[in-house]
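Values reported hereafter were calculated over all heavy atoms of this structure, with side chains retained and with hydrogens, waters and symmetry mates removed.
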Amino acid sequence: MTQTTNSILMIRPRAFRMNEQTAVNNYYQKVLDNLLPATVNAKAQEEFDVFVQKLRAVGVNVIVVEDSSATDTPDSVFPNNWISFHGNGDVALYPMFAENRRLERREDLLDLLEDEGFEINNIMDYTSAEEDGYFLEGTGSVVLDRENDKAYCALSPRADEELFIEFCEDFEYTPVIFEAFQTVNGERKLIYHTNVMMSIGSTFAVICADAIDDKKERKMVLDSLKGDEKEVILISEEQMNTFAGNMLEVIGADERRYLVMSSAAFHSLTKKQIAQLEEHTTILSANLDTIEACGGGSARCMMAEVFLPREAE
């Protein structure tokens with residue numbers, strides 16, 4: 001199984017704003033008091049459109065779907081939390097912490113992907129766990145090393161341990177479980193999504209190891225990455241807070257690999273870190289300031305990778 005794909009699914013926002021239901025444990029979200037909701041949404045749409053243009057310009061196959069007008073879904077721009085697509089033709093649907101995020105799930109997306117020539121064999125539906133108050137928010141909660149059959153998960157109110165282990169058993173991943181923290185008003189609080197503090201590329205990994213307070217867990221995670229011959233590039237908590245951990249490697253034209261991130265993430269990196277990354281991949285960044293501030297998510301969260309097999313011609 002390859003680590004990266006050329007095809008990604010993205011949802012163009014229609015009612016983007018700060019989601020009050022997710023702000024309770026997403027400490028990255030901010031209210032932009034000086035902007036009207038319509039202005040915030042327009043800015044988010046503009047950032048989204050430019051981002052898509054940049055990806056398409058380097059040959060990434062971006063499948064853009066408009067958000068539904070039938071539902072109030074302020075976080076629809078982050079589809080990777082409710083769905084994932086796998087190389088064996090399986091699709092996973094995930095249980096979401098916020099009730100209004102559950103409205104993002106849409107069956108018509110599967111029809112659309114089949115129309116695009118992708119093959120869907122099986123749907124693994126974990127969403128009934130919502131009824132019991134257990135959650136696992138897709139590739140936000142779970143960072144996959146597809147080549148080495150490992151799944152990394154920082155436990156949080158949005159990432160239940162038993163549910164994560166069940167997912168790993170179903171998809172035949174070895175679970176790597178730990179807790180990651182950030183400092184909020186002087187207190188250490190659990191990071192809501194694993195993909196905020198780490199990203200795994202084909203030959204490298206970016207991680208805020210300082211977020212893993214338990215030294216044994218930190219060593220276990222770093223040893224796991226290094227044991228798979230990934231070059232580990234460490235970022236600070238300050239850099240993590242500008243979404244420098246929220247990156248995704250994708251494939252463009254001519255099989256060229258790109259590491260996609262926001263402008264804020266890129267500008268937080270040191271010259272040494274940029275040089276380390278550029279040994280492995282080409283950096284592509286876009287301004288996502290409004291989406292990051294109100295949504296509390298960044299570039300990686302906006303892209304649901306499509307690893308589904310293509311239907312035979």
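For the side chain to side chain contact (heavy atoms under 4.5 Å, CB included) criterion with Thr203, the lone passing option out of Arg257, Glu231, Gln3, Glu229 is Arg257. Put simply, the residue from Glu305, Glu292, Glu249 that forms a salt bridge (Lys or Arg N to Asp or Glu O under 4.0 Å) with Arg300 is Glu305. With respect to Ile8, the side chain to side chain contact (heavy atoms under 4.5 Å, CB included) criterion is satisfied by exactly one of Ile63, Leu55, Val52: Leu55. Here the rule is side chain to side chain contact (heavy atoms under 4.5 Å, CB included) with Met197, and of Ile235, Ile212, Asn246 only Ile212 fits it. Partner of Thr242 under the side chain to side chain donor-acceptor pair (under 3.5 Å) criterion, out of Ser263, Ser262, Ser298, Ser268: Ser268 alone. The side chain to side chain contact (heavy atoms under 4.5 Å, CB included) test with Met302 singles out one residue from Asn80, Leu9, Leu248, Leu288, and that residue is Leu288.
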Determine, stepwise, if the pair Val260 / Met247 fulfils side chain to side chain contact (heavy atoms under 4.5 Å, CB included). CA-CA 6 Å; Val260 184; Met247 307 168 168; over 6 Å; no

Show the numbers, then the answer: is there a side-chain hydrogen bond (donor to acceptor under 3.5 Å, both in side chains) between Thr4 and Tyr258? CA-CA 10 Å; Thr4 50; Tyr258 291 87; over 6 Å; no

Could you give me the CA-CA distance, side-chain angles and deciding distance for Leu225 and Ile200, then say whether side chain to side chain contact (heavy atoms under 4.5 Å, CB included) is met? CA-CA 9 Å; Leu225 293 167; Ile200 298 177; 3.9 Å; yes

Run the salt bridge (Lys or Arg N to Asp or Glu O under 4.0 Å) check on Glu179 and Lys189 step by step: do they pass? CA-CA 10 Å; Glu179 288 185 332; Lys189 297 205 171 180; over 6 Å; no

Working note: Arg188 + Thr183, criterion side chain to side chain contact (heavy atoms under 4.5 Å, CB included); need CA distance, chi angles, decisive distance, verdict. CA-CA 5 Å; Arg188 296 295 275 170; Thr183 302; 2.9 Å; yes

Given Thr270 and Gln273, is the side-chain hydrogen bond (donor to acceptor under 3.5 Å, both in side chains) satisfied, shown in steps? CA-CA 5 Å; Thr270 65; Gln273 288 166 328; 3.3 Å; yes

Applying side-chain hydrogen bond (donor to acceptor under 3.5 Å, both in side chains) to Ser141 and Tyr192, what does each step give before you reach the verdict? CA-CA 8 Å; Ser141 297; Tyr192 79 109; over 6 Å; no

Using side chain to side chain contact (heavy atoms under 4.5 Å, CB included), reason through Met240 and Gln182 one step at a time and then give a plain yes or no. CA-CA 9 Å; Met240 178 181 76; Gln182 65 188 123; 4.0 Å; yes

For salt bridge (Lys or Arg N to Asp or Glu O under 4.0 Å), just list the numbers for Glu46 and Lys43, CA-CA rounded to whole Å, side-chain angles, deciding distance to a tenth of an Å, and then say yes or no. CA-CA 5 Å; Glu46 186 182 339; Lys43 279 179 169 287; over 6 Å; no

Would Arg106 and Ser68 satisfy side-chain hydrogen bond (donor to acceptor under 3.5 Å, both in side chains), going step by step from the backbone distance to the final call? CA-CA 9 Å; Arg106 295 168 50 178; Ser68 169; 5.7 Å; no

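Here SG of Cys301 is found 9.5 Å from CG of Asp75. Values are rounded to the nearest 0.5 Å. One finds the NZ atom of Lys216 at 13.5 Å from the CG atom of Asp223 (value rounded to the nearest 0.5 Å). Rounding to the nearest 0.5 Å places CG of Asp228 at 9.5 Å from CD of Glu147.
At least one side-chain heavy atom of Glu278 sits under 4.5 Å from a side-chain heavy atom of Ile283. Between Leu222 and Arg218 the shortest side-chain heavy-atom distance falls below 4.5 Å. Side-chain atoms of Phe78 and Glu104, non-hydrogen and from C-beta on, never get closer than 4.5 Å to each other. Looking at heavy atoms from C-beta onward, Val196 lies out of side-chain contact with Thr194 at the 4.5 angstrom threshold. The shortest side-chain heavy-atom distance between Phe118 and Phe85 does not fall under the 4.5 Å cut-off. Using a 4.5 Å heavy-atom cutoff, the side chains of Asp160 and Leu155 are not in contact. The shortest distance between side-chain heavy atoms of Asp170 and Tyr126 falls below 4.5 Å. Looking at heavy atoms from C-beta onward, Asn41 lies out of side-chain contact with Arg14 at the 4.5 angstrom threshold.
Every residue was checked against the ring pair (Phe, Tyr, Trp, His ring centres under 6.0 Å) condition with Phe266, not counting sequence neighbours, and none meets it.
The aromatic rings of Tyr152 and Phe178 sit perpendicular, their planes meeting at an angle over 60°, well past the 30° parallel limit.
At least one donor-acceptor pair closer than 3.5 Å links the side chain of Arg310 to the backbone N or O of Glu116. One N or O on the side chain of Glu137 and one on the backbone of Phe97 form a donor-acceptor pair closer than 3.5 Å. No donor-acceptor distance shorter than 3.5 angstrom exists from the side chain of Glu119 to the backbone of Glu114, with no hydrogens or angles considered. At distances below 3.5 Å, not a single donor-acceptor pair connects side-chain atoms of Asn148 with backbone N or O atoms of Lys150. A donor-acceptor contact shorter than 3.5 Å links the side chain of Gln239 to the backbone of Ser236. Checked by atom type and distance alone, the side chain of Arg102 pairs as donor or acceptor with a backbone atom of Met96 at under 3.5 Å.
Note that Arg146 lies in the cation-pi zone of Phe307, set by a 6.0 Å cut-off to the ring centre and a 45° limit from the axis.
A donor-acceptor contact closer than 3.5 angstrom links the side chains of Thr73 and Asp67.
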